[in-house]
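Following: one structure in structure tokens, then a few remarks.
Position 1 is the first residue of the sequence; numbering continues from there. Since this is a predicted model, take the numbers as computed values, not measurements.
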Amino acid sequence: MRRSSLVVVANRLPLDDNVAPDGACEWRRSPGGLAGALHAILEQTPATWVGWAGDLGQARDLPDIGTLRLRPVWLSEEEQRGYYEGFANSTLWPLYHDAVEQPVFDRGWWETYRAVNRRFAEAAAEVAEPGATVWVQDYHLQLVPQLIRELRPDVRIGFFLHVPFPPPELFMQLPRRVELLRGMLGADLVGFQRPQAAHNVAQLAAKLLDAHGADDAITLDGRLVRTGAFPVSIDVAEMRSLSARPYVVNQARQLRHDLGAHKRVLLSVDRLDYTKGIEHRLTAYSELLRDGRVKVRDAVMVQVAVPSRERVESYRGLRDRIEREVGRINGEYGRVGEPAIHYLNQPFDRADLAALYQTADVMVVTPLRDGMNLVAKEFVAARPDDSGALVLSEFAGAAAEMEDAFLVNPHDVDGLKETLLQALAAAPEDLATRMKAMRAHITSNDIHAWARAYLSALEDSKALRPVS
């Protein structure tokens, strides 16, 4: 394989799970996913993406996607369980999301995580040109920056964490906290969604690594590691164009008819994950129905829950609980031909998501903790008519940028109920003012602005002289 001046390293290759009959690969686009975030940047930029193709055993050669070359990394079934399902998603993921679910510490998982991270680092080192930029993505690969530095000290290394970084008291629970922190700080620039994350890392670096510095720069092992907040965004122009397609417009019109033209539609689109606050949301809606403050003849909820990590036990349990609760609510409050909630546990393509966004009167995005949440931004971009309300969790990274949403603490069920009612009753002029302000912000701060800001900062960080 030819070498590249830009190498992206991520857990998964950006491939659709359904390969075309002729063997061609298609870009994978999931709600709020990494591949969706980077699609606009890499669509026209020559680069190599290092990642797992999703199948177990020896990696197969894969054709390019446009100008993007693919370098698959292989995983055995045991490694997939220990590295991905285990340490990444049963230890780090819950801990990094405020321990909403209790993290599991397993020594065997750690050994597998470390071995797989080394395999990713070796693959990146192999395909990077001399002096290349290597951009490592997310918590799955937190050891990779330092491993690449040891293998290829000539390259520029960036690391971006798409999820929250926990406060020191939570991170300190990790048995391998020093190795994880040092691995991440092997980068020249470490990017986060929110400034608080950089502050947390600076505190931990001083405590665990005897490093010095501030929230934007840490001196470690004789070199300067830059840190900072770079809130990720979406391709606003692409979503606006998609929303104007005749299919999307007609599909939205049909959905409104099918759901009830006179009804108020509340919509949520999430991955099926315990951090997304789906159970709290269902409780709030159920109590509004119970108390008669929302009636099935006047309103309907649509909950899309895209399947996720189905082999992880806690996710299977969550799916079962949600399905039981939706069944209970529909059984108690639904009427023949009029369910209280439409629940869809299936993937959606981009066009159908855009139609759903246009159908909603109230978009309900209430994660208990979220690094950013791009669904909130997609909804705003898909509503050029300035209609619709966005109810947004204070604990989503997007809340710092979208202050004109109806912000809510999702842990406060009573507060969530009142906020839903406020959004449903808001005057059209108020909604238009809010939506215009939010759309103006995300248009100025789209995915291209995010990439330019991060990659420019990464280029500047490499030019810094070593600290004596």
Please list all pairs passing the ring pair (Phe, Tyr, Trp, His ring centres under 6.0 Å) test where one or both residues lie in residues 379-398, with sequence neighbours left out.
-> Phe395-His411
Tell me, which pairs form a side-chain hydrogen bond (donor to acceptor under 3.5 Å, both in side chains) where one or both residues lie in residues 189-198, sequence neighbours left out?
-> Gln196-Asn200
Approximate separation, where rounding is to 0.5 Å, of Asp404 CG and Lys436 NZ = 12.5 Å
Name every donor-acceptor pair, under 3.5 Å, that has one atom in a side chain of residues 244-252 and the other anywhere in the protein, sequence neighbours excluded.
unit_1, atom_1, unit_2, atom_2, d
Tyr247, OH, Asp352, OD1, 2.6
Asn250, OD1, Arg253, NH1, 2.8
Asn250, ND2, Pro246, O, 3.1

Taking only residues two or more places apart in sequence, or in another chain, which ones meet [X] in a salt bridge (charged side-chain N to carboxylate O under 4.0 Å, His left out)?
X	answer
Asp216	none
Glu150	none
Glu122	none
Lys263	Glu338

What residues, two or more places apart in sequence or in another chain, satisfy side chain to side chain donor-acceptor pair (under 3.5 Å) together with [X]?
X	answer
Gln358	none
Asn345	none
Arg383	Ser387
His199	Asp215

Residues which pass side-chain contact (heavy atoms from CB on, under 4.5 Å) with Leu318, listed by chain and number, not counting sequence neighbours = Leu272, Tyr274, Glu279, Arg321, Ile322
Taking the six-membered ring of Tyr113, is NZ or CZ of Arg176 closer than 6.0 Å to its centre and within 45° of its axis?
-> no
Tell me whether the centres of the aromatic rings in Phe160 and Trp450 are closer together than 6.0 Å.
-> yes
